[in-house]
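First up is the structure itself, then whatever we jot down about it.
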Amino acid sequence: MPSSTRVRFAPSPTGYLHVGGARTALFNWLYARHTGGTLVLRVEDTDAARNTAEANEAIFEGLRWLEIDWDEGPDVGGDFSPYRQSERREIYDRYFSRLEEKGCLYEDEGAMRFRMPNQPVEIDDLVCGEVRFEDRQDPDMTIRRADGSYIFHFVSVVDDIEMQISHVIRGEDHLSNTPKHIDLYRAFDAAPPRFAHIPLILNQDGSKMSKRDQGASMQEYIDGGYDPDAVRNYLLLLGWNPGDDREKFRREEMIELFDLGKVNRSHARFDLEKCLWMNQQYLLKMPTPKFVKTAVVYLEKTGLSLEHVSRPLEVIELFQEKIHRLAELPEMLGPFLQDEVEVDPQALEKVRSREGAGDLLTALNAAFESMDAWDPESLETALKATADEAGVKPGALMFPLRFAASGRPHGPDLYPMLALLGKDTVIKRIKVTISLLS
RNA sequence: GACCCGUUCGUCUAGUGGUUAGGACACCGGGUUUUCAUCCCGGCAACAGGGGUUCGAUCCCCCUACGGGUCGCCA
């Protein structure tokens, strides 16, 4: 049974999709799906001077990336078409006339203004509860510019009436605007929808998150090689929780559990660390073939070529449990991509400070040179035997060896890494390191 | 300035008129992986302040402080 719930996400295409906007879209989408209702995507492009086609595309791309799908919108149509405000001129004119006939408007320097009744208004907000505006002092609001184009507050209300929106779920920054909107509904003799004002997302320091701030643009997540499932999950937790300790939710699970009544009332600070952790968790649990495939697509997009890497898929697989996001991959792939190893100076010092590291590497080199098989198991056996002979613990060999093979203190599991690097490369690099140490 | 919203560990948050105020991230310590950025275990750490109401308040009410939002011919 389809419900009559109709919600909308109404972005203005003036830039990329903001993380706050993405979460607003997410909550709208979840509510629509949870209730079996309809999600409308409406493009609020009434300010021609500020809107661009690129921004429009970026917003669509961001939503699709998060797998937020809509039922009605500029690209898919619907019963209340068109869904771009720039194409709804006649509708606004019609509503405008109604206000004009009722004597609600007057002209001011060519623009048209709506006389604010400034009567008390009470909102029963689904998130904030009952909010009363008693002592209102709003100035008359402009609803049409001198050039004939309409202003946000007006078109937003008209469209919500026309598109039969039942629930307006939007950022809390609109809570203070709501009385003005209610005045318009009253002027049109229309019943206002239910409102749900969701808290904002702030920066680490509590300031308002804006354009340049880290994590603000959805593009950062796309470019950074995040898993959309992880980002969606993290965003969901910024302002909503199921009331218990669970915090990882599959897409279907979110839909089932989501409820506006459980949305928080206070603002949340954005924590990139936790977002990265969430992403790492998702990468870790991803089926390996999917991880590899996703990584390959990502690397191709960044223009990094694995042409000269033998067994590239196995190499990528090595890093699944080591990275937080795919953007870390190009850097980490270094030892596989370049002939010469880039030496981490601190790691070099650490190896230097270990007594006998050079001798151990020499012994290791000899052992490796005589090996026929070159697989993780054989390598492990050879290393342990060498350690035994030298009277040291295997651990004493592993760090110098890792450093020799990759130039770095960290990396994937040692033996599989050596195996994939290949015998020639590893031996060559051990020799270089020995000379570096002497 | 006026109006509106908010305030539990550093961060995201759970929670109830009586709890050792719980979980997660981060951080610190230990263990495993005889490497490591994974993993496991442990630890640190919070009810903004002041008045009420009450036998009893983190929870209910008021005030203050602080934070955020709105007051555009931006959305």
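Residue numbers begin at 1 in each chain, while the letters A, B, ... track the order of the sequences.
- Taking only side-chain atoms of A:E273, from C-beta outward, the nucleotide of B:G15, B:C4, B:C25 with the closest atom is B:C25.
- Ranked by how close their nearest RNA chain B nucleotide is to the 5' end, A:S266 and A:D135 are led by A:D135.
- Between A:R246 atom CZ and B:A24 atom C1' there is a gap of 14 Å when expressed in whole angstrom units.
- Counting to the nearest Å, the C1' atom of B:U11 and the CG atom of A:N203 are 13 Å from each other.
- Rounded to whole Å, the separation between the C1' atoms of B:G15 and B:A21 comes to 7 Å.
- Straight-line distance between the C1' atoms of B:C44 and B:G10: roughly 12 Å, to the nearest whole Å.
- Under the 4.0 Å criterion applied to side-chain N and carboxylate O atoms, A:D159 and A:R42 are assigned as salt-bridge partners.
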What do the steps show when you test A:W240 against A:F258 for side chain to side chain contact (heavy atoms under 4.5 Å, CB included), and what is the final call? CA-CA 8 Å; A:W240 180 89; A:F258 185 77; 3.8 Å; yes
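- A distance of about 10 Å separates the P atoms of B:G50 and B:U58, rounded to the whole Å.
- In this structure B:U7 sits in a base pair with B:A65, meeting the Watson-Crick or G-U test at under 3.5 Å.
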With ring-ring contact (aromatic ring centres under 6.0 Å, His included) as the criterion, how do A:F291 and A:F319 come out once you've worked through the C-alpha distance, each side chain's angles and the decisive distance to 0.1 Å? CA-CA 10 Å; A:F291 171 80; A:F319 293 94; 8.9 Å; no
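- B:U70 and B:U64 have their C1' atoms separated by 23 Å, given to the nearest Å.
- Proximity note for A:D413 (side chain, C-beta onward) versus B:U34, B:U35, B:U11: the nearest is B:U35.
- Rounded to a whole Å, the CG atom of A:L364 is 15 Å from the P atom of B:U35.
- In this structure, A:E247 atom CD and B:A26 atom P are separated by 11 Å, rounded to whole Å.
- In this structure, B:A57 makes no Watson-Crick or G-U wobble pair, since no nucleotide meets both defining distances under 3.5 angstrom.
- If you take atom P in B:G29 and the same atom in B:U11, they sit 23 Å apart, rounded to whole Å.
- Across all strands shown, B:G1 pairs with B:C71; the Watson-Crick or G-U wobble distances both stay below 3.5 Å.
- Among the nucleotides B:U34, B:C36, B:A24, the one closest to the side chain of A:R402 is B:C36.
- Taking the centre and axis of the six-membered ring of A:F399, the NZ or CZ atom of A:K350 falls inside the cone set by 45° and 6.0 Å.
- Taking atom OH of A:Y282 as the reference point, atom C1' of B:A24 lies 14 Å away to the nearest angstrom.
- A donor-acceptor pair shorter than 3.5 Å cannot be found between the side chains of A:Y415 and A:E377.
- Taking atom C1' on both B:U7 and B:A48, the two are 7 Å apart, rounded to the nearest angstrom.
- Rounded to whole Å, atom C1' of B:U8 lies 13 Å from atom CG of A:N241.
- Sorted by first then second residue, the ring-ring contact (aromatic ring centres under 6.0 Å, His included) pairs that include residues 127-150 of chain A, not counting sequence neighbours, are A:Y92-A:Y150, A:F96-A:Y150, A:Y150-A:F154.
- Heavy-atom nearest nucleotides on RNA chain B were determined for A:Y234 and for A:M398, and the one closer to the 5' end corresponds to A:Y234.
- Evaluation of atom-type donor-acceptor distances gives no pair under 3.5 Å for the side chain of A:K274 against the base of B:A26.
- Close to B:U13, at under 4.0 Å from its OP1 or OP2, lies a side-chain N or O of A:N264.
- Residues A:H181 and A:H153 bring their aromatic ring centres within 6.0 Å.
- With a 3.5 Å ceiling on both atom-pair distances, B:U19 lacks any Watson-Crick or G-U wobble partner.
- For A:L238, whose side chain is taken as the heavy atoms from C-beta onward, the closest listed nucleotide among B:U35, B:C12, B:C39 is B:C12.
- B:C12 and B:U20 have their C1' atoms separated by 23 Å, given to the nearest Å.
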Which parts of nucleotides 57-75 of chain B does protein reach within less than 4.0 Å, heavy atoms only, written one letter per nucleotide 5' to 3' as B for base, S for sugar-phosphate only and - for none? -----------SBSSSBBB
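- Ion pairing between a basic and an acidic side chain is recognised when a charged N comes within 4.0 Å of a carboxylate O; A:K384 and A:D388 show no such pairing.
- Base pairing of B:U33 is not made with any nucleotide, judged by Watson-Crick or G-U wobble geometry with both donor-acceptor distances under 3.5 Å.
- The only member of A:Y234, A:F249, A:Y282 that meets side chain to side chain contact (heavy atoms under 4.5 Å, CB included) when paired with A:D229 is A:Y282.
- Side-chain atoms of A:Q204 lie closest to B:U11 of the nucleotides B:C4, B:U38, B:U11.
- As rounded to the nearest Å, B:C39 and B:A26 have P atoms that lie 9 Å from one another.
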